[in-house]
Protein chains: 2
Amino acid sequence: MPAPAAPRRRGPRRALTEQAILDAALSLLDEGGPGAASIRRIAARVDVAPNAIYTYFPRKTAVLRAVAERLLDGVDHDALADRGRPWRIRAGALALELRTTLIAHPGAAVLLVASPLDGPSASTLDERLVELFTDAGLGRAGAAGASYLVMDYVFGSVAREVTGIHDGGPLSPGHEPSAARAASTEQFVWGLDRILDGLSAWAGTKREGPSAHEGAIPPPTP
Amino acid sequence: MPAPAAPRRRGPRRALTEQAILDAALSLLDEGGPGAASIRRIAARVDVAPNAIYTYFPRKTAVLRAVAERLLDGVDHDALADRGRPWRIRAGALALELRTTLIAHPGAAVLLVASPLDGPSASTLDERLVELFTDAGLGRAGAAGASYLVMDYVFGSVAREVTGIHDGGPLSPGHEPSAARAASTEQFVWGLDRILDGLSAWAGTKREGPSAHEGAIPPPTP
DNA sequence: ACCTGAACACCGTTCAAGT
DNA sequence: ACCTGAACACCGTTCAAGT
């Protein structure tokens, strides 16, 4: 039995979907870098007049923010959610996967790093990370601080990696030499391990007793 | 006694200097956000025709990269260079000051995070950081990895902070409510302390002996 | 060597008009 | 409700010309 059909709108059928527009934008970013996703080029790719896009999104920045959301949405939460595994493994897996997802789309990643990231999939990611660090015994404020710390490191590292993109050149995913990519990934993981070491130590001093150590002052909650 | 005059060029005197152009660009970014520094607006502010800018810089991106360089140049190296003080204090002071400098110019900082940063002042900053971490006993590869780690964290945190800038609105330095700014600074410092904890621990395990611990594997040098 | 006016190919966005 | 053509105010960059 099919689900009841959505209520029919009157007037002409929609020629496009939001998804089609975002697909076009992302492929343009993949092919031509952060400057390649103009409203007019997106419109051409989906075969409508430029101003038709404004039926679906109010502004260009809204399109780009939706592309960013879509990228974050593609990040797999499975390893993160599995509470049976040690928290370090879960946090490391999430950070690495987030980085991998973003680096696979350098043109979009440049824009994402400079975008507000206040959408639902960014919030979900953040909430899951906070849960995880709460499991690790960091407490409420500590978990929030740890979440920011890891996310900031990921985004900073991605920003450095995807920088120096020349608008117009072909930069499809997997364009970089794989040796350089592997080395930078190891660098990233090494730094991530130092961060997780630092968080482990802080959780440890915190567990020994309330306010027993000066080092265990929780970060402020803004 | 005045320094010998620079050799006189023939032809009309220069109406501009590179510095004047960068000043104009930076003030536009401060006032109007990352999109406000167009070649045409910069030219108007220094009172020349738009194409006159191309006598001084070959492309718009070159102007913006020079602005980024100029920002980094303003970072005070004194606390970093003083080898008499503990390395943690020195590293923390540098990271905090770098962050403060960038956040004082949000519009420029957005562009800086998305720029290659291969100029001399960026390299100098990096070299000093590597020296510092070498002093800390991290070894050659460890010092390089630690330098990336700290810089990536600073840039990621700055990116999050200066994001959500609305092009066109006034965003002069010091625009944000000081309470929120203080809280986010404390958050940053807390995360930075966790990173430095992690680096300390790694230096410690490393000092106990060569390859004695699995945790002391140095990061790869790319 | 440096600056200008004019032009080119773009761009985001708006508006009136069609269905 | 959605799409179009036309227009507006921009944009980076180039070129020929002036000094």
Side-chain angles (χ1 to χ4, degrees), chain A residues 5-22 24-25 28-29 31-68 107 110-111 114-115 165-169, chain B residues 5-22 24-25 28-29 31-68 107 110-111 114-115 165-169:
Chain A
R8 258 268 127 266
R9 302 184 202 241
R10 56 186 182 80
R13 304 259 291 308
R14 291 195 129 198
L16 272 49
T17 57
E18 280 88 351
Q19 275 305 321
I21 293 171
L22 299 182
L28 282 165
L29 292 170
E31 292 162 21
S38 71
I39 291 285
R40 294 172 111 105
R41 277 205 267 247
I42 294 168
R45 190 154 286 208
V46 294
D47 243 28
V48 293
N51 44 5
I53 304 294
Y54 291 89
T55 309
Y56 299 82
F57 296 95
R59 261 172 302 276
K60 188 198 183 186
T61 53
V63 179
L64 298 179
R65 286 213 281 143
V67 170
V110 172
L111 302 179
S115 282
I165 302 293
H166 48 304
D167 266 343
Chain B
R8 259 267 128 269
R9 302 184 201 242
R10 55 186 182 81
R13 305 257 292 306
R14 290 196 130 199
L16 273 48
T17 57
E18 280 88 351
Q19 275 306 321
I21 293 171
L22 299 183
L28 283 165
L29 293 170
E31 293 162 20
S38 72
I39 291 284
R40 295 172 111 106
R41 278 205 267 245
I42 293 168
R45 189 155 287 207
V46 293
D47 244 28
V48 293
N51 45 4
I53 303 294
Y54 291 89
T55 309
Y56 300 82
F57 296 93
R59 262 172 300 279
K60 186 198 183 186
T61 53
V63 179
L64 298 179
R65 285 213 281 144
V67 170
V110 171
L111 303 178
S115 282
I165 301 294
H166 47 304
D167 266 345

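Every chain is numbered from 1, with letters handed out A, B, ... down the list of sequences. Below, each value reflects all heavy atoms present in this structure, side chains not excepted, and no hydrogens, waters or symmetry copies. These numbers were taken from a predicted model, which means no experiment stands behind them.
The side chain of Ser38(A) lies closest to dG12(C), out of dT13(C), dG12(C), dC3(D). Of the candidate nucleotides dC2(D), dC2(C), dT4(C), dC2(C) has the atom lying nearest to any side-chain atom of Tyr56(B). Checked against dC2(D), dT13(D), dC3(C), the side chain of Lys60(B) finds its nearest nucleotide in dT13(D). Listed nucleotides dT13(D), dT4(C), dC3(D) differ in distance to Ala49(B); the shortest reach to its side chain belongs to dT4(C).
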Full working for side-chain contact (heavy atoms from CB on, under 4.5 Å) between Leu111(A) and Val67(A):
CA-CA 9 Å; Leu111(A) 302 179; Val67(A) 170; over 6 Å; no
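For Ala66(B), the side chain to side chain contact (heavy atoms under 4.5 Å, CB included) partners at least two apart in sequence or on another chain are Leu22(B), Phe57(B). In this structure Ala114(B) satisfies the side chain to side chain contact (heavy atoms under 4.5 Å, CB included) test together with Val110(A), sequence neighbours excluded. Annotation: side-chain hydrogen bond (donor to acceptor under 3.5 Å, both in side chains) contacts of Gln19(B) (sequence neighbours excluded): Arg70(B). Residues satisfying the salt bridge (charged side-chain N to carboxylate O under 4.0 Å, His left out) criterion with Arg45(B), sequence neighbours excluded, are Glu31(B). With sequence neighbours excluded, no residue forms a salt bridge (charged side-chain N to carboxylate O under 4.0 Å, His left out) with Arg41(B).
Going from atom CD of Glu18(A) over to atom P of dA1(D) covers 15 Å, rounded to whole Å. Distance CG (Leu64(A)) to C1' (dC11(C)): 13 Å, rounded to an integer number of Å. Atom CG in Asp47(B) sits about 12 Å away from atom P in dC3(C), given to the nearest Å. In this entry the distance linking CD1 of Ile39(B) with C1' of dC10(C) reads 16 Å, nearest Å. Nucleotide dG12(D) holds its C1' atom 12 Å from the CD1 atom of Ile53(B), rounded to whole Å.
Residue pairs meeting the side-chain hydrogen bond (donor to acceptor under 3.5 Å, both in side chains) criterion with at least one member in residues 56-65 of chain A, sequence neighbours excluded: Arg65(A)-Asp118(A).
The line from CG of Asp47(B) to CG of Leu16(B) is 9.0 Å long, rounded to the nearest 0.5 Å.
Contact between the side-chain N/O atoms of Tyr54(B) and the OP1/OP2 oxygens of dC3(C) is not found at any separation under 4.0 Å. Residue Arg41(B) places no side-chain N or O under 4.0 Å from the OP1 or OP2 atom of dC10(D).
When the nearest nucleotides of DNA chain D are assigned to Arg59(B) and Val48(A) by heavy-atom distance, the more 5′-ward of the two goes with Val48(A).
When every heavy atom of Pro50(A) is checked against every heavy atom of Ala43(A), the shortest pair comes out as CA-CB, 3.5 Å.
Residue-level contact check: Phe57(B) touches neither bases nor backbone, having no heavy atom under 4.0 Å from any strand.
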So which protein nitrogen or oxygen atoms get under 3.5 Å of nucleotides 6-8 of chain D's nitrogens or oxygens?
none

Taking Watson-Crick and G-U wobble contacts under 3.5 angstrom, with | marking pairs to another strand and [ ] crossing pairs, the secondary structure of DNA chain C is written ||.|||||...|||||.||
